[in-house]
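Working notes, structure below.
Each chain gets a letter, A, B and so on, in the order its sequence line appears, and its residues count up from 1.
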There are 2 protein chains.
Amino acid sequence: MSGKKLKAVEHPPVTARRQHKADAKAAATHPPPRQRPLTRIQKEKQDIILEAALEVFSVHGFRGSTIDQIAEVAGMSKPNLLYYFPRKEEIHRRLIAALLDTWLAPLRDFDQNGDPFTEIRSYIRRKLEMARDFPRESRLFANEMLQGAPRISEMIEIDLKALVDEKAKILLTWMEQGRLARTDPYHLIFSIWATTQHYADFDVQVRAVLGKGRNGEGRFEDAARYLEQLFMHGLSPKPRMNGSA
Amino acid sequence: MSGKKLKAVEHPPVTARRQHKADAKAAATHPPPRQRPLTRIQKEKQDIILEAALEVFSVHGFRGSTIDQIAEVAGMSKPNLLYYFPRKEEIHRRLIAALLDTWLAPLRDFDQNGDPFTEIRSYIRRKLEMARDFPRESRLFANEMLQGAPRISEMIEIDLKALVDEKAKILLTWMEQGRLARTDPYHLIFSIWATTQHYADFDVQVRAVLGKGRNGEGRFEDAARYLEQLFMHGLSPKPRMNGSA
DNA sequence: GGAAATTTTGACCAGTTGGAAAAATGTTAG
DNA sequence: CTAACATTTTTCCAACTGGTCAAAATTTCC
């Protein structure tokens, strides 16, 4: 039953093709993107706006957020905000760009020459700290992923993939050397991402389930302890003899 | 620097207080929610709408989705859709309600009398299957969480918490019996949720990173194998003597 | 201090969005 | 067949949204 065809959702769904009459002139009434090296005041205001935008975008996603909301959180009028960032997308783009850089830093630091378990442990720890200290960034990222990463598909298909490939190779080497349990390095990385970011992205759920008791900093301490145990034991190379060919 | 106060985002952010002139009459022109036992045709149409709404809401979240989008996906006009669900929120509420029920079923089945490892393994497997077979539901849920679960806070603070408390107790018992590694049962459950749902919520990322190679069904097979290894080894009760007090 | 440049504001616009009303078109039981 | 009911379409609206623009307020630099 229900023979009606259900069309799939597309991405630039309703808005976006409304190009208005902007950009043709670009920088007539908007001096910020000028040749000048960007005043200190401009930098400050932009930071305030980006802060506010992070607050809003991370909760409602791109489409669900409005310039008015961001302007209100930033404590300025909408036209004023638009003076610094002529379009909504630009704000989002800036946030995402800055995010990706910081977000992957811990993985970049993953060191070939280190001890496998030390490296993995400190990676988990750093990711968990990021979830604790930058939950909004984590949610912004999650929001983007949930939506199919329309604005950063290139970034993840190329840069991210390359980085993960590189690190997966390191893990593989360690496994071959018997210093790490033989397993799928990609899924290993996924599981670290998932478990750590969970504490930022599903924060409400975690809080609700843990109740009012263990919820302050302790929450993250416990998580760190648990994850460490899980991964250290789960990945230790068993001296069993059933792996090699 | 930047002494401007940054207001926090509230939830019924901009819209929502626009109550129009609805609800006062309720069911003057909208017969569906009548006393009649709901025709088969009505049921069908509602299902089509809910299907379409799931498609849209799961990607763009509540605020980011529009009735027009849903109507288009459902293959009907907006007023026609509104004939079946007088308001947007109602559609969402219905989806969420149905979701929560199915979503927690695997955890409910967690059996006190089973073998710890069998239970955990099959729980992981079922959750992973759900991520594979119902990714939209997973994303709908994730979207709701990211937004701070404004529409289901009660549900998770009461029902979900109670359920998890109950299962955590079971895990604790097993740990005390030495049948499972002594660890934090709550974070154990979180980590299973996180790792399995990751494959639905961050699907684009997973696909991008894995590349075109291992991506069909194999993706989930590999994930299952990896997670099984991780959790089975990570949670096995080491015969080491360093845990007790 | 004052002209030039920068920043902010207020009024305004066109397109979108959630929803209302009512007319028009089926459907169905008698 | 037709009255009563169910469904769909057309038209319309007010609030919201992203964005413009010119004038006003402020800051900067000589």
Side-chain angles (χ1 to χ4, degrees), chain A residues 4 12-36 38-46 48-49 53 56 60 62-72 74-92, chain B residues 4 12-46 48-49 56 60 62-72 74-92:
Chain A
K4 306 289 180 107
V14 177
T15 318
R17 64 182 179 283
R18 167 184 50 169
Q19 233 175 304
H20 248 258
K21 51 221 173 192
D23 80 339
K25 38 175 78 171
T29 358
H30 309 286
R34 206 58 165 291
Q35 58 243 95
R36 299 252 179 210
L38 208 58
T39 13
R40 174 182 31 70
I41 298 181
Q42 286 172 342
K43 185 92 183 66
E44 277 179 24
K45 285 294 174 87
Q46 287 193 0
I48 292 178
I49 293 171
V56 177
H60 298 290
F62 183 74
R63 285 223 45 198
S65 305
T66 73
I67 298 187
D68 291 271
Q69 274 179 90
I70 299 173
E72 198 194 330
M76 63 179 73
S77 68
K78 175 170 65 171
N80 195 189
L81 181 151
L82 284 169
Y83 170 72
Y84 291 100
F85 289 91
R87 38 210 66 236
K88 187 186 174 186
E89 278 198 341
E90 189 47 30
I91 310 177
H92 195 259
Chain B
K4 305 290 178 106
V14 177
T15 319
R17 66 181 176 284
R18 169 183 50 168
Q19 234 175 305
H20 249 259
K21 50 220 171 192
D23 81 337
K25 37 176 81 173
T29 358
H30 309 288
R34 206 58 164 292
Q35 59 245 93
R36 294 246 186 213
L38 209 60
T39 12
R40 174 184 31 70
I41 298 180
Q42 287 172 343
K43 185 90 185 65
E44 278 179 23
K45 285 296 174 81
Q46 288 193 0
I48 291 178
I49 293 171
V56 177
H60 298 290
F62 183 74
R63 287 224 45 198
S65 304
T66 73
I67 298 186
D68 291 88
Q69 272 179 92
I70 300 172
E72 199 195 330
M76 63 179 74
S77 69
K78 174 170 65 170
N80 195 191
L81 181 150
L82 284 169
Y83 169 72
Y84 291 101
F85 289 91
R87 37 209 65 236
K88 186 185 175 187
E89 279 197 341
E90 189 48 30
I91 309 178
H92 194 260

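Phosphate proximity of D:dG18 to A:R63: absent, as no side-chain N or O sits under 4.0 Å from OP1 or OP2. Contact between the side-chain N/O atoms of A:R87 and the OP1/OP2 oxygens of D:dG19 is found at a separation under 4.0 Å. Here B:S77 does not reach the OP1 or OP2 of D:dT8: none of its side-chain N or O atoms lies under 4.0 Å away. Between B:N80 and D:dT7 there is no side-chain polar atom (N or O) within less than 4.0 angstrom of OP1 or OP2. The side chain of A:Y83 places no N or O atom within less than 4.0 Å of a non-bridging phosphate oxygen (OP1 or OP2) of D:dG19. OP1 and OP2 of C:dT6 both lie 4.0 Å or more from every side-chain N or O belonging to A:Q42.
The distance from atom CZ of B:F85 to atom C1' of C:dG18 is 16 Å, rounded to the nearest whole Å. The CE-C1' distance, from B:M76 to D:dT8, rounds to 10 Å in whole Å. In this structure, A:L82 places its CG atom 11 Å from C1' of D:dT17, rounding to the nearest Å. When rounded to the nearest whole Å, the span between NZ of B:K45 and C1' of D:dT9 equals 12 Å. The nearest whole Å value for the distance from the CD atom in B:E90 to the C1' atom in C:dG18 is 15 Å. When the P atom of C:dT27 is taken as reference, atom CD of B:E44 falls 13 Å away, rounded to whole Å. Protein atom NE2 of A:H60 is 13 Å distant from nucleotide atom P of D:dG18, rounded to whole Å. B:E89 places its CD atom 11 Å from the C1' atom of C:dG18, with the value rounded to the nearest Å.
How far OH of A:Y84 is from CD of A:Q42: 6.5 Å, rounded to the nearest 0.5 Å.
Residues B:K78 and B:L82 have side chains in contact (heavy-atom distance under 4.5 Å, counting atoms from C-beta outward). Contact check for B:I49 versus B:M76: side-chain heavy atoms found under the 4.5 Å cut-off.
For A:Y84, the side-chain atoms get nearest to C:dT7 when compared with the rest of C:dT7, C:dG10, D:dG19. In this structure, of C:dA20, C:dT9, D:dG18, it is D:dG18 that holds the atom nearest to the side chain of A:D68.
Ranked by how close their nearest DNA chain C nucleotide is to the 5' end, A:L81 and A:K78 are led by A:L81.
Partners of A:K88 under the salt bridge (charged side-chain N to carboxylate O under 4.0 Å, His left out) rule, at least two apart in sequence or in another chain, do not exist in this structure.
Of all heavy-atom pairs spanning A:I91 and A:A53, the tightest one is CG2-CB, 3.4 Å.
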